[in-house]
Amino acid sequence: MLGLVMRQLFVDAFKKLYGEEPPAQNVSFQKTRPEFEGDVTIVVFPFVKIAKKAPDVIAKELGEEMVKESEYIAKYNVVKGFLNLLISDKYWIGFMQKTHLNEKFGRKEVAGKPVVVEYSSPNTNKPLHLGHIRNNLLGWSVSEILKANGENVVRVNLVNDRGIHICKSMIAWQKWGNGCTPESTGKKGDHLIGDFYVMFDKHFKEEVKNLLPANYDQLSDDDKEKAKVEAENASPLMQETREMLRKWEAGDKEVRELWEMMNNWVYEGFDVTYKRLGVSFDKIYYESQTYLLGKSTVMDGLKKGVLYQRDDNSVWCDLRDEGLDEKLLLRRDGTSVYMTQDLGTAQLRYDEFHPKKLIYVVGNEQNYHFDVLKRVLVRLGFEWGNDIEHLSYGMVELPSGKMKSREGTVVDADDLMDEMEATAKNVSEELGKAHGLSDEESAKLYHMIGLGALKYFILKVDPKKTMLFDPKESIDFNGNTGSFIQYTHARICSVLRKAAEANVAIGDKVDIDSIQPGEKSLLTNIYTWPSVLEQAAINRSPAMIANYIYDLCKAFNQFYQECSIMKEPDEKRREFRLQLAAMTARLLRNAGELLGMQMPERM
RNA sequence: GGUCUGGUAGCUCAGCUGGAUAGAGCAACAGCCUUCUAAGCUGUGGGUCUUGGGUUCGAAUCCCAACCGGAUCACCA
């Protein structure tokens, strides 16, 4: 809003003074640094050639002209080539009047073709861990951000429910499970299955070790590798597992029943975790229902001559002319690989929604995969392959290094949430903030705080970057944390409660004619929200939202410290400050929602 | 080795399409609760923005190279 008005004003002034339009790309506005007076700064260096005058002279002339022409510019000053403009209080008050009650400030109406966002995409052989948490939070949050920007978002999940890894858990359960169930063990289904997966791996390793040749240690690296592969193939456990997969694919009744039962345990477990994390989906795809679809497309491509077949019958796509490699699409035995399945699911999804964009929230280790996927689709004649966007996020590392399931260093999602909530409880009790709440209320509050801290901690870093998850730091509730955000909200609510108790009415009308410094930095902060939201959507970056609310909260806390609200003697100013506080709280809820964070009224 | 990606304070991170003296939090130290929630506020110290070139009025930001990390290049998913 301000940007456009200012731009026009500047262009007009410039034309009038120098008889020429300034090059549009050089006209940029930025926030004035706090050490100078003003709100908006224009850099005039790029215009010295056109104006043929010294930078400070140009700045002065432009400033003079702009102040004269607009009632919204109160004054200006020039420092070197920087023209600082002070926006009049009248403008800010007008903005405040217009927006302070708007719950949806900055949001746009949803319209247009759908945008499909896939995220989570779990395997059904183990419970969710920290890596999945980043994925889920990102997928959820980016969806919310896009929705807030008017996109018609459809959230989908693709469950990898079939394959050799599932069979491993099944074999282990058959052998050593003694018919146990989540009920009989009191374990969450996904954890129970995960345990059997680990159990399989342990026994399998043991077998392989015993099958290695006696002289294994003396072999060369190449031979070692060979011997290992041989041993793995010879392992009875592995053979049984492969046999089970074959039976599964053949539709063997017994295997399918076992598979269904165990997968359902997992889904029940996942549901609990998803619910607690606060994420959900509009549609869930199962790979077992879609994995065959890719095959026919590949066969079509083969017929059309876009793909080719080798002597061993395997099918490939040659992408070498695009700087990539050859990619296998069907194994020599005719079974499908990951890529084949993804070709199928992409088509299914496209046919169902005809979206303008298909966004996949998947870790950056699969960058190459998606690069290939898009190109193969386009080659097969699906132009919309170009509408696929891989929202590629960085890995989560621990202070000890990478998470490795085999070394037991994975951080389990359920455990982590338990811990966050428990810490929220401890801290609240230590600070003596928990009194007066029922058990149910306090449990809800600890959930809000614990999960809020976790979400903020993860979402505040740029999705593209590898992030370090330090448990000690994640559980700290001071400084740049989710708790700080929530605390600020609770503080505002507390003031508003006090006002209500004192029967101080807060009207709709903003009735004030000047703004004080402490008030202004808060207000100008709020003012930038719509552009932040827009940028966050363009960049698919919840981090931009998180950084924004942090600044907003800092601005509020400074205001709170500097300006007494309820003790303000001037009634109109007191009301204005209450309006400002209420507006901040609204915005915190509005923005917090985009990160999946709830805002407590007291804490 | 090919491709992609990153390197900012002791640690974790901001820094938008180039703009003023590079910012926060944590950690350290020093202040502020008879006053709206101290999970807060204020201040101090801490930097060759990995290095070297280039582009220009101006570079943490753009380009090239080197060094160091990470990912990927499976008839795994």
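All values reported here derive from a predicted model rather than from experimental measurement. Every chain is numbered from 1 and lettered A, B, ... according to where its sequence line falls, protein lines coming before strand lines.
Put simply, the side chain of A/K433 and the base of B/U37 share a donor and an acceptor less than 3.5 Å apart. A/N364 contributes no side-chain N or O that forms a donor-acceptor pair with the base of B/C4 under 3.5 Å.
The number of heavy atoms from other shown groups lying within 6.0 Å of NZ (A/K228) does not exceed 12. More than 12 heavy atoms of other residues, nucleotides or ligands sit less than 6.0 Å from atom CZ of A/R573.
OP1 or OP2 of B/U37 sits under 4.0 Å from a side-chain N or O of A/S494. A sub-4.0 Å separation between OP1 or OP2 of B/U5 and a side-chain N or O of A/K465 is absent. Between A/K464 and B/U5 there is no side-chain polar atom (N or O) within less than 4.0 angstrom of OP1 or OP2. For B/A77, the OP1/OP2 oxygens have a side-chain nitrogen or oxygen of A/R331 closer than 4.0 Å. Residue A/Y338 places no side-chain N or O under 4.0 Å from the OP1 or OP2 atom of B/A77. Distances shown here put every side-chain N or O of A/R574 at or beyond 4.0 Å from the OP1 or OP2 atom of B/C36.
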Spell out protein contact along nucleotides 18-33 of chain B as letters: B when the base is contacted, S when just the sugar-phosphate is, - when no protein heavy atom is under 4.0 Å; keep the 5' to 3' order.
-> -BBS-SSSS-------

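As rounded to whole Å, 16 Å separates atom P of B/U17 from atom CZ of A/R7. Here the P atom of nucleotide B/U3 and the CG atom of A/D371 are 14 Å apart, to the nearest Å. In this structure, CG of A/L324 is placed 13 Å from P of B/C73, rounded to the nearest angstrom. Per the geometry, CD belonging to A/Q579 stands 22 Å off P belonging to B/C36, to the nearest Å. Atom pair A/I492:CD1 and B/G40:C1' shows a separation of 13 Å (rounding to whole Å applied). Put simply, OH on A/Y548 is 16 Å from P on B/G15, counting in whole angstrom units. One can place CZ of A/F457 at 8 Å from P of B/C13, the figure rounded to the nearest angstrom. Between the CD atom of A/E326 and the C1' atom of B/C75 there is a distance of 13 Å, rounded to whole Å.
Not a single donor-acceptor pair under 3.5 Å links the side chain of A/E519 to the backbone N or O of A/L580.
Across all strands shown, B/A71 is found opposite B/U3 as a Watson-Crick or G-U wobble partner, with both distances under 3.5 Å. With a 3.5 Å ceiling on both atom-pair distances, B/C16 lacks any Watson-Crick or G-U wobble partner. In this entry B/A59 has no Watson-Crick or G-U wobble partner, no candidate having both defining distances under 3.5 Å. Across all strands shown, B/A9 forms no Watson-Crick or G-U wobble pair with both key distances under 3.5 Å. Under the Watson-Crick or G-U wobble criterion, with both distances below 3.5 Å, B/A65 is paired with B/U51. For B/U44, the paired nucleotide is B/A28, the pair qualifying as Watson-Crick or G-U wobble because both relevant distances are below 3.5 Å.
Within the 4.0 angstrom heavy-atom criterion, no nucleotide atom of any strand lies near A/C553. Note on A/Q558: only backbone sugar-phosphate atoms sit closer than 4.0 angstrom, heavy atoms only; bases stay farther off. Here A/M603 lies in heavy-atom contact (under 4.0 Å) with a base. Across all strands, A/L468 comes closer than 4.0 Å only to sugar-phosphate atoms, never to a base (heavy-atom distances). When heavy atoms are screened at a 4.0 angstrom cut-off, A/V427 is found touching base atoms of the nucleic acid. Residue A/T335 is out of contact with every strand shown, counting any heavy-atom pair closer than 4.0 Å. Contacts of A/D462 with the nucleic acid, taken as non-hydrogen atoms under 4.0 Å apart, involve only primed sugar atoms and P, OP1 or OP2.
Note on A/D201 versus A/K205: salt bridge recorded, some NZ/NE/NH1/NH2 to OD/OE distance being below 4.0 Å. Look at A/D56 and A/K60 and you find no salt bridge, because none of the NZ, NE, NH1 or NH2 atoms lies under 4.0 Å from a carboxylate O. The pair A/R331-A/D333 does not meet the salt-bridge criterion, since no charged nitrogen lies less than 4.0 angstrom from a carboxylate oxygen. Salt-bridge formation is detected for the pair A/D462/A/K464: a Lys NZ or Arg NE/NH1/NH2 atom is positioned less than 4.0 Å from an Asp or Glu carboxylate oxygen.
Nucleotides B/U12 and B/A30, compared at atom P, are 26 Å apart to the nearest Å. Across B/U8 and B/C16, the matching P atoms stand 16 Å from one another, rounded to whole Å. With P as the reference atom, B/U5 and B/U17 are 15 Å apart, rounded to whole Å. Nucleotides B/G15 and B/G23 are separated by 15 Å at their P atoms, to the nearest Å. The separation of B/A14 from B/C64, taken at their C1' atoms, amounts to 28 Å, rounded to a whole angstrom. Taking the C1' atoms as reference points, B/C68 lies 26 Å from B/C26, given to the whole Å. Taking atom C1' on both B/G47 and B/U37, the two are 37 Å apart, rounded to the nearest angstrom. Across B/C57 and B/G25, the matching P atoms stand 38 Å from one another, rounded to whole Å.
Closest contact between the side chain of A/F484 and the listed nucleotides B/U37, B/C41, B/C76 involves B/C41. Counting only heavy atoms from C-beta on, A/S428 has its side chain closest to B/A39 among B/C4, B/A39, B/A38. Side chain of A/E365, nearest nucleotide from B/A77, B/A39, B/U72: B/U72. If you check B/C75, B/A14, B/U37 against the side chain of A/R497, the one that comes closest is B/U37. Checked against B/A77, B/C75, B/C13, the side chain of A/N160 finds its nearest nucleotide in B/A77.
The two atoms that bring A/R332 and A/N313 nearest to each other are O-CB, 4.0 Å, heavy atoms only. Closest of all the heavy-atom pairs between A/N157 and A/P122 is OD1-CD, 3.3 Å.
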Please walk me through it: do A/F484 and A/Y487 pass ring-ring contact (aromatic ring centres under 6.0 Å, His included)?
-> CA-CA 5 Å; A/F484 172 69; A/Y487 177 72; 7.7 Å; no

Mind running salt bridge (Lys or Arg N to Asp or Glu O under 4.0 Å) on A/D371 and A/R375 for me, showing each step along the way?
-> CA-CA 7 Å; A/D371 201 7; A/R375 291 167 199 260; 3.1 Å; yes

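If you find the closest nucleotide of RNA chain B to A/M339 and to A/M566, the one lying nearer the 5' end belongs to A/M566.
Annotated as syn: B/C33, whose glycosidic dihedral is within 90° of 0.
Cation-pi contact between A/R162 and A/Y291: present, with separation from the ring centre below 6.0 Å and deviation from the ring axis of at most 45°.
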